S.K.: 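One structure coming up, written as structure tokens, with questions to follow.
To find a chain, count down the sequence lines: A is the first, B the second, and so on, and within it residues start at 1. Computed from a predicted structure; not experimentally measured.
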Amino acid sequence: MSTEVHDPGAYDYSQRPARLPVDVDHSNKDLAIPLQDRVEMYELQQVLRQFEKRAYDLFMQNLVKGTSHLSLGMEAVAAGFGLALRPDDYSFATYRGHAHTIARGAALGPVMAELLGRENGILKGKGGSMHLTSVEHGMMGSYAIIGAHLTIANGAAWAAQLRGTDQVAVAFFGDGTTNIGAFHEALNFAAIWDLPVVFVCENNLYMEYTPIDVVSAVPNPAADRGPAYGLDGIVVDGNDADAVFHVASQAVARARAGDGPSLIEAVTYRHGGHSRADPGKYRPADEVEAWLERDPIPMYHQRLLELGVPEGDLAAIQQSVAGRVEDATEFAKGGSPPGEEHLFTDVWAAGGSAWRN
Amino acid sequence: MSTEVHDPGAYDYSQRPARLPVDVDHSNKDLAIPLQDRVEMYELQQVLRQFEKRAYDLFMQNLVKGTSHLSLGMEAVAAGFGLALRPDDYSFATYRGHAHTIARGAALGPVMAELLGRENGILKGKGGSMHLTSVEHGMMGSYAIIGAHLTIANGAAWAAQLRGTDQVAVAFFGDGTTNIGAFHEALNFAAIWDLPVVFVCENNLYMEYTPIDVVSAVPNPAADRGPAYGLDGIVVDGNDADAVFHVASQAVARARAGDGPSLIEAVTYRHGGHSRADPGKYRPADEVEAWLERDPIPMYHQRLLELGVPEGDLAAIQQSVAGRVEDATEFAKGGSPPGEEHLFTDVWAAGGSAWRN
Amino acid sequence: MAELSYRDAVAYGIAQEMRRDPHLVMLGEDIGAAGGVFKTTVGLLDEFGPDRIRDTPISEQAILGAAMGAAMTGIPVIAEIMFSDFLAVCWDIVANQMAKSRYMTGGQVSIPVVIRTLNGGGSRFGAQHSQSVENWCMMIPGLKVVAPSTPADVVGLMAASVRDPDPVVFFEHKSLLAGKAEVPDGELVDELGTARVVREGTDCTIAALALMVPRALEAAERLAGDGISAEVIDVRSLVPLDTQALLGSVGKTSHFYTVEENPRLCGWGAELASIVADEAFWDLDGPVIRITTPHIPLPAAEALEDMSLPSVDRIYETVRKTLA
Amino acid sequence: MAELSYRDAVAYGIAQEMRRDPHLVMLGEDIGAAGGVFKTTVGLLDEFGPDRIRDTPISEQAILGAAMGAAMTGIPVIAEIMFSDFLAVCWDIVANQMAKSRYMTGGQVSIPVVIRTLNGGGSRFGAQHSQSVENWCMMIPGLKVVAPSTPADVVGLMAASVRDPDPVVFFEHKSLLAGKAEVPDGELVDELGTARVVREGTDCTIAALALMVPRALEAAERLAGDGISAEVIDVRSLVPLDTQALLGSVGKTSHFYTVEENPRLCGWGAELASIVADEAFWDLDGPVIRITTPHIPLPAAEALEDMSLPSVDRIYETVRKTLA
Ligand SMILES: Cc1ncc(C[n+]2csc(CCOP(=O)(O)OP(=O)(O)O)c2C)c(N)n1
Ligand SMILES: Cc1ncc(C[n+]2csc(CCOP(=O)(O)OP(=O)(O)O)c2C)c(N)n1
Ligand SMILES: [Mg+2]
Ligand SMILES: [Mg+2]
């Protein structure tokens with residue numbers, strides 16, 4: 001047996017050279033974004049952060065069963081897009097979808113209740129953390145098998161195009177998702193039909209436990225593939241809500257104008273592990289440290305102060321968010337486990353699950 | 001219902017502007033290719049042409065059942081690669097695989113017999129035209145579902161890499177295949193593992209009946225995707241065996257040297273329809289005409305004359321090939337339909353098909 | 001009443017629904033300008049235009065994903081997967097996404113998609129273009145599954161499938177395309193979940209589907225010559241399943257046979273057999289017997305393929321011997 | 001004899017085979033450095049190195065395609081598909097390529113691949129990460145299908161699967177991973193196609209698989225308290241299938257039950273039921289009864305998921321009521 005085989009990566013990923021965040025681009029402060037929108041993005045990031053921290057606590061208390069995938073550290077992406085979208089636009093997310101669901105306006109209580117598997121959950125407990133959906137808010141679902149939802153987002157964009165509305169569909173996905181077949185099919189399809197869809201890769205540098213560069217032929221797994229579909233390869237600082245909002249608004253405007261799809265790679269980092277139980281030890285310590293220092297929320301806090309928002313206003317936001325998260329938690333805990341009557345509903349549009357007469 | 005929808009292509013494809021062949025590159029005559037190899041490529045192209053013309057005749061006589069996909073007009077690709085490969089290299093083809101099977105050295109008789117569904121067929125009649133395989137010649141199969149065999153070719157290349165031999169795997173596929181997910185997965189996978197594999201897109205400008213540019217986001221559906229996998233986008237005149245042989249040799253050498261995969265797009269044209277019954281009427285008449293004028297075989301004939309090969313030698317080759325095709329036809333016609341004893345063999349390695357005791 | 005081929009009935013049925021619902025669209029490979037590789041969609045592009053009849057790349061996941069996304073945002077879709085064997089390249093969208101989304105979202109989304117696909121053997125296309133995969137779909141909760149055997153059923157069940165708000169996989173049989181039969185004039189709308197007794201009988205029940213229906217009928221004809229009266233049921237719809245029709249018939253005949261084109265293991269006939277062996281057990285006067293394609297990949301050669309699919313002879317012989 | 005968890009038995013069994021055959025390699029997502037997301041491959045990278053234990057991108061078609069191509073050119077491969085639900089994204093390679101290539105090529109190629117995958121419910125993962133899809137594989141001619149229920153069977157059947165020259169889908173059950181049991185010392189090599197009577201009985205036969213085996217055993221224990229003697233058979237291998245064991249048992253007990261985790265329609269139990277209802281018909285003293293997960297996508301909430309999978313209570317009650 002030869003050992004002349006190309007090594008697929010360092011043996012121990014935690015010993016590999018760190019991939020460090022870029023420096024803060026202070027000029028993003030000067031982007032023409034209304035202060036009011038910025039304050040909203042701050043609040044949204046606070047909501048996402050505090051909500052998921054609570055979800056993590058509830059998991060540690062064994063109240064969240066199953067699994068959950070947090071966006072802690074990645075909130076700026078959901079916040080930037082959250083503000084850039086119109087209420088009638090469509091979002092599609094992965095199993096890591098809490099942030100995107102909340103960013104579209106879903107109430108915190110039913111989302112939290114869903115994580116706890118309660119009857120008052122947003123999916124009546126049937127879907128759980130990985131499948132959050134709120135059709136009334138344009139949040140068309142969280143999909144737990146890598147790749148599929150990029151093609152489904154195309155369909156929503158196609159429907160908008162057929163109806164002649166100028167709605168836009170956005171699909172969020174991870175860096176690891178860029179190597180699956182459905183990614184390729186979806187991008188080509190969107191491009192040839194000029195679909196109003198925005199593909200947003202949240203590149204957090206890892207698939208589950210494997211660094212993305214070990215398994216990708218190009219350094220920027222999404223952006224470097226854009227030209228294969230006649231698209232620009234847009235890379236944005238995914239830890240800066242302003243930068244995200246800026247490119248998001250451009251891409252959404254382009255789609256609305258009938259100029260077709262965009263592909264955006266937002267580089268970011270998750271503060272925790274891939275999913276509930278993962279301590280994330282496969283990451284170089286200096287890498288984790290550097291990214292924690294680039295936490296999008298304190299950075300944005302600082303920026304708002306520089307832009308003249310009073311410290312007290314920001315503190316008040318934090319406080320009120322804490323109250324909302326507390327209420328959501330109580331709401332969730334107050335729900336009962338779904339009863340048997342729910343087991344057999346909603347397989348078919350007619351309400352039930354009968355496969356025979 | 002809005003009609004502002006982007007038109008996916010002209011309504012009637014036969015009225016679209018023709019995509020014409022490039023001019024013959026006369027400098028290809030000067031490539032450093034031994035004359036003996038050229039004569040071999042001439043002979044091989046003659047074999048492929050005459051064999052498939054006969055297959056077509058037999059189909060018209062209702063002796064070939066099922067379907068068949070001919071490479072008439074595309075012979076230069078199979079011939080160029082046929083010469084560039086070593087006997088222990090691996091080929092993987094599509095349902096349009098007669099040429100690639102014969103180019104690796106499979107005997108004409110059993111191949112023809114397979115098309116006729118006879119017991120003396122190369123697959124005992126079990127696979128038919130779309131699944132030609134000759135493992136003893138390194139021809140590892142013809143695959144009839146778009147995309148799969150690109151990933152399978154990777155595996156053969158991986159095996160060679162693991163064994164430390166310098167064998168190379170080659171996967172041939174069509175332009176339409178570049179839009180399916182498996183294409184993307186296979187290319188990325190080959191690139192990150194530096195696999196000794198050569199991906200060869202035979203771009204004949206059409207999937208079945210739909211022009212490739214109507215459904216692809218980039219003009220060169222294979223070559224323009226190379227950079228997405230860190231690969232060069234190589235385009236070659238697929239109607240010129242010398243040009244093909246030249247890039248094939250380079251790509252194979254690169255793979256053998258451990259320098260990883262290549263992606264080659266050979267632009268060519270099929271003289272007939274997609275499969276047996278298709279008259280190919282969806283193609284602009286001037287396009288068909290122009291490509292028929294660029295028939296690879298007369299062109300190559302002319303080149304060999306210019307290089308000093310006597311007309312008589314070429315005529316003798318034609319003649320001897322005609323005899324071989326005649327013999328193959330007789331061999332095939334002489335075979336019996338496979339008997340019931342074959343129905344239940346070869347599901348399992350143990351020989352049979354039992355799923356129970 | 002006009003005579004229509006099964007092939008033409010497909011476009012006829014689709015056209016009926018596209019005229020009714022201006023939102024309904026269709027997509028697939030070579031379905032538009034070319035009229036489909038099986039010529040089942042001829043004329044639709046001319047009548048409904050390229051916005052509603054759209055040619056796609058060879059991207060089955062993208063095709064069905066687009067169908068699903070459009071459907072869940074209000075546009076009903078008919079999607080063609082050229083050969084049912086190719087469901088394998090987009091199986092995730094079919095089995096994990098379309099089938100499950102309504103349930104997983106607590107009923108928030110509807111997926112009014114019809115996946116039309118050419119199914120079955122007899123064309124000497126070999127193991128990757130001849131499969132009968134209706135059982136692949138039957139086993140997935142959340143999918144409805146239909147397989148018509150006549151032109152009129154193609155039209156009526158197509159309408160029922162298009163109007164159904166759930167995902168329906170609609171199997172058209174390649175070897176039935178050329179057959180012709182009368183199709184009633186006017187709008188034709190059938191009902192999912194209804195089997196049809198296509199021949200009444202008293203000695204045994206034979207459940208068949210698609211291409212197996214005419215073969216079962218012919219075998220029944222021959223059995224009649226031996227004094228055996230076979231009732232033949234065209235199952236038509238696997239999900240929902242008309243268990244009443246099946247159990248009712250067995251209650252009368254006391255013998256149950258299935259004729260399946262799918263390979264043996266976990267075929268739809270196994271499901272029917274298990275239902276009968278449970279719920280009609282006390283009605284049965286003999287073993288429940290399945291006549292299936294053997295559990296092998298389908299061979300290409302004419303001679304071999306003909307030995308594989310259940311033939312009239314095999315049906316006839318099996319029933320005759322086991323009922324004697 | 002050492003006590004081993006089912007989880008650890010996986011790596012133990014793989015290691016046994018990798019030591020024996022220096023050509024055997026394994027690939028999959030996060031299997032190397034991370035030891036697998038279920039920690040079933042811990043230690044293998046350390047012992048066998050990154051040439052033989054390879055992390056891959058999220059490219060299931062590329063994973064199984066590479067496995068197939070390597071196998072057909074002489075390198076046996078174990079490929080991990082992290083959750084069995086993901087077989088849907090690479091189903092073409094499994095069902096159309098690996099399963100059919102030997103037959104289609106007239107026996108020219110062998111595909112010595114083991115596809116290991118985590119199957120089944122109980123983890124509250126919802127409909128896309130909890131499926132029992134052993135019936136998906138059973139229905140494809142050309143695939144062998146194994147689902148061990150104990151650590152010793154994991155090791156022995158892994159060895160049998162690796163040494164088998166045909167493609168084998170090897171289902172490891174997520175909810176059995178933590179369980180421990182004795183595993184005999186020394187090389188362990190079991191045999192495909194052999195069921196095991198895990199409890200002898202005389203009144204009825206209960207066929208179960210994987211997670212359903214301990215549940216069936218517990219139900220049998222309780223039935224014994226009611227004076228009902230149930231024989232429990234761990235099917236272990238769906239293809240090949242040990243029909244002798246099943247038919248022999250029914251010959252003795254005259255009553256047949258299946259306990260299936262796959263959703264009802266076209267589950268493996270339907271196949272077994274149809275075999276029994278045919279070949280053991282005259283032995284039967286009562287209906288053939290299947291206990292299955294209902295035909296619904298699996299819900300996520302603990303409360304709902306627990307109602308879905310066949311429970312000890314449901315098995316016990318069903319047998320008690322129907323045998324009374
Ligand atoms: C088809 C498929 N393969 C594998 C998985 C298992 N899986 C879940 S998340 C994940 C990593 C995804 O990485 P990435 O796309 O970067 O998203 P992230 O989790 O980092 O947000 C994997 C491999 C899956 N869900 N679906
Ligand atoms: C997954 C899949 N989808 C569709 C088909 C049907 N089909 C067979 S050949 C073909 C066209 C392929 O075009 P291309 O790749 O350009 O190859 P060519 O036939 O031109 O050589 C299609 C759509 C298939 N075999 N597999
Ligand atoms: Mg990631
Ligand atoms: Mg082509």
S.K.: Check whether C:S59 reaches the backbone of B:N179 with its side chain - one donor and one acceptor, N or O, closer than 3.5 Å.
M.R.: yes
S.K.: Going by the rule salt bridge (charged side-chain N to carboxylate O under 4.0 Å, His left out), which residues pair with C:E29 if we only count those two or more places apart in sequence or in a different chain?
M.R.: none
S.K.: If you count heavy-atom pairs under 4.5 Å between each of C:R124, C:M82, C:E60 and chain B, which one has the most?
M.R.: C:R124
S.K.: What part of C:E302 lies closer than 4.5 angstrom to a heavy atom of chain B: side chain, backbone, both or neither?
M.R.: side chain
S.K.: Using a 4.5 angstrom heavy-atom cutoff, name the option from B:A148, B:G339, B:G147, B:S216 with the most pairs to chain C.
M.R.: B:G339
S.K.: Checking B:K124 against chain C: side chain, backbone, both or neither under 4.5 Å from a heavy atom?
M.R.: backbone
S.K.: Rounded to the nearest 0.5 Å, what separates atom CD1 in C:I58 from atom CD1 in B:I146?
M.R.: 4.5 Å
S.K.: Measuring from atom CD of C:Q128 to atom CE of B:M130, what distance do you get when rounded to the nearest 0.5 angstrom?
M.R.: 7.5 Å
S.K.: Does some side-chain heavy atom of B:I145 sit less than 4.5 Å from a side-chain heavy atom of C:D85?
M.R.: yes
S.K.: Any idea which heavy atoms bring B:G66 and C:F125 closest together, and the distance?
M.R.: C-CE2, 3.9 Å
S.K.: Tell me, please, which residues at least two apart from B:F59 pass side-chain contact (heavy atoms from CB on, under 4.5 Å).
M.R.: B:Y56, B:V64, B:R276
S.K.: Give the C-alpha distance, both sets of side-chain angles, the deciding distance and a yes or no for side chain to side chain contact (heavy atoms under 4.5 Å, CB included) between C:T56 and B:V215.
M.R.: CA-CA 6 Å; C:T56 68; B:V215 294; 5.7 Å; no
S.K.: Restricting to pairs with a member in residues 331-343 of chain B, which pass side-chain hydrogen bond (donor to acceptor under 3.5 Å, both in side chains), not counting sequence neighbours?
M.R.: B:E119-B:H342
S.K.: Find the distance between CZ (C:R264) and CH2 (B:W355) and round it off to the nearest 0.5 Å.
M.R.: 4.5 Å
S.K.: With respect to chain C, which residue among B:T178, B:T67, B:L116, B:L343 yields the maximal number of heavy-atom pairs within a distance under 4.5 Å?
M.R.: B:L343
S.K.: What's the shortest heavy-atom distance between B:P338 and C:A303, and which atoms?
M.R.: O-CB, 3.8 Å
S.K.: Using non-hydrogen atoms and a limit below 4.5 Å, what part of residues 305-312 of chain C faces chain B?
M.R.: C:M307, C:S308
S.K.: Mind checking whether B:V214 and C:D55 have side chains closer than 4.5 Å, heavy atoms only?
M.R.: no
S.K.: Using non-hydrogen atoms and a 4.5 Å limit, figure out which bit of C:V89 sits close to chain B: side chain, backbone, both or neither.
M.R.: side chain
S.K.: With respect to chain B, which residue among C:G32, C:P57, C:P299 yields the maximal number of heavy-atom pairs within a distance under 4.5 Å?
M.R.: C:P57
S.K.: If I compare all heavy atoms of C:A301 with all of B:G117, which pair ends up nearest, and what's the gap?
M.R.: CB-O, 3.5 Å
S.K.: Only pairs of heavy atoms separated by less than 4.5 Å count here; which of B:I212, B:I180, B:T177, B:D278 has the most with chain C?
M.R.: B:I180
S.K.: Check whether C:D30 reaches the backbone of B:T210 with its side chain - one donor and one acceptor, N or O, closer than 3.5 Å.
M.R.: yes
